[in-house]
Amino acid sequence: MKAIIVGDIINSTEVAPTLWMDSLKAVLSGYGQTPVSWQIYRGDEFQLAVKPNQAIIAVIRIKAAMRSLKLDVRLSIGIGEITYEAPKITESNGPVFVRAGQLFETLRQRKLSLAIDTGTPELNLQLNLFLRFAVSVMEGWLPQSAEYVTARLQNPNLSQEEIGNLLGINQAAVSRRHTRSQLDLILDLDQYYRQQIQHLS
């Protein structure tokens, strides 16, 4: 079983790709190599394959990377099987790609920037409700909060003082950014998600 994330940069035509391309590649490359595990195509669209339990953290990291640049991203997550693995992720196939792709095509019309299809309607209903709340938090991140989230997720074992050294700010400022980002709530959602998908076969 695999998770496929399909995404695109919202309003990408209004900014130069050089503004966001390196940041996006930095996140995606943390989950494998291109073009097997991820690809950017058609200018601003991308696909990423991750383990199912990594999917929520992956989309949080992508969201944070873009919000730190005053941009945003539209993302769908599909959970399921890959029945054909090609040298390029965009040429692979299976139910997981169908779920992620079809869901992605509905996001703009439904005015959503994040949704998931696990193949289980009841679980989809629960998780998508929680994701809507999470998105309302993430879309409120100012660049400083998003920058903090990125640093924290990349360095989960560092103290607030050490995170502050990375960001060039003091510990009190780190604490304020942590509170404003509501990262603890977002990570609680990730833990809940991980528990729920354990039951998927």
Side-chain angles (χ1 to χ4, degrees), residues 1-12 20 23-28 30-31 38-42 44-80 89 95-143 145-150 152-153 180-197 200:
M1 194 163 65
K2 207 77 171 176
I4 298 297
I5 297 167
V6 179
D8 72 348
I9 310 301
I10 296 174
N11 297 326
S12 65
W20 54 264
S23 293
L24 178 60
K25 285 182 176 179
V27 177
L28 300 181
Y31 294 96
W38 60 271
Q39 267 189 286
I40 300 172
Y41 55 96
R42 292 202 299 200
D44 69 346
E45 295 187 16
F46 57 91
Q47 284 190 30
L48 170 66
V50 297
K51 296 176 182 176
N53 65 0
Q54 295 177 314
I56 297 298
I57 282 293
V59 298
I60 294 168
R61 290 188 64 197
I62 294 168
K63 278 271 191 186
M66 294 302 101
R67 295 297 300 178
S68 69
L69 301 171
K70 299 182 179 179
L71 295 171
D72 210 341
V73 62
R74 188 181 292 109
L75 300 155
S76 68
I77 305 168
I79 307 292
I89 186 174
V96 65
F97 290 96
V98 174
R99 286 173 188 153
Q102 289 182 345
L103 180 60
F104 181 75
E105 293 302 320
T106 71
L107 294 182
R108 192 190 302 265
Q109 183 180 1
R110 295 163 62 198
K111 298 182 179 179
L112 297 174
S113 67
L114 177 59
I116 188 169
D117 184 349
T118 65
T120 303
E122 297 83 0
L123 183 56
N124 290 345
L125 193 63
Q126 294 175 23
L127 291 177
N128 280 307
L129 178 61
F130 291 140
L131 287 176
R132 285 169 60 191
F133 280 104
V135 164
S136 71
V137 172
M138 292 188 281
E139 291 184 349
W141 285 341
L142 296 175
S145 294
E147 183 184 46
Y148 163 75
V149 171
T150 294
R152 168 56 66 199
L153 294 180
R180 289 194 196 110
S181 71
Q182 298 189 61
L183 184 57
D184 289 337
L185 285 174
I186 300 292
L187 294 179
D188 284 347
L189 168 60
D190 176 58
Q191 289 301 313
Y192 176 79
Y193 161 80
R194 289 172 186 251
Q195 292 168 4
Q196 295 306 306
I197 64 167
L200 295 176

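Keep in mind that what you see is a predicted model, and the values were worked out from it rather than measured.
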Check: W141 side chain, S181 main-chain N or O, donor-acceptor pair, under 3.5 Å: yes
Contact check, side chains of Y148 and R180, non-hydrogen atoms, under 4.5 Å: no
R74 (side chain) donor-acceptor with D8 (main chain) under 3.5 angstrom: no
Under 3.5 Å donor-acceptor, S76 side chain and A115 backbone: no
Polar side-chain atom of K63 near backbone of D72 as donor-acceptor pair, under 3.5 Å: no
Heavy-atom pair of closest approach, residues D117 and L103: N-CD2, 3.6 Å
N128 side chain vs I116 backbone, donor-acceptor pair below 3.5 Å: yes
Non-hydrogen atoms of Y193 and I79 that approach each other most closely: OH-CD1, 3.5 Å
Minimum heavy-atom distance between G78 and V96, given as atom pair plus value: O-CG2, 3.2 Å
For the student: nearest non-hydrogen atoms of W20 and S12, plus distance: NE1-CB, 4.4 Å
Residue pair R194 / I57: nearest heavy atoms and the distance that separates them: NH2-CG1, 3.7 Å
Rounded distance (nearest 0.5 Å) linking atom CD1 of I40 with atom CG of L48: 10.5 Å
R110 CZ to E105 CD distance, which is reported to the nearest 0.5 Å: 12.5 Å
Separation of Q191 CD from N53 CG (nearest 0.5 Å): 9.5 Å
F46 to I9 - nearest heavy-atom pair and separation: CE2-CD1, 4.3 Å
Pairwise distance CD1(I77) to CG(L127) - rounded to 0.5 angstrom: 9.0 Å
Exceeds 12 heavy-atom contacts within 6.0 angstrom, atom CZ of F133: no
Separation between OG1 of T106 and NZ of K111, rounded to the nearest 0.5 Å: 14.0 Å
CD-CZ distance between Q54 and R61, expressed to the nearest 0.5 angstrom: 10.0 Å
Minimum side-chain heavy-atom gap I60-I56 below 4.5 Å: yes
Side-chain touch I62/L24, heavy atoms, less than 4.5 angstrom: yes
Close side-chain approach of I5 and W38, heavy atoms under 4.5 Å: no
Heavy-atom donor-acceptor pair, R67 side chain to A146 backbone, under 3.5 Å: no
Any V73 side-chain heavy atom under 4.5 Å of V59 side chain: no
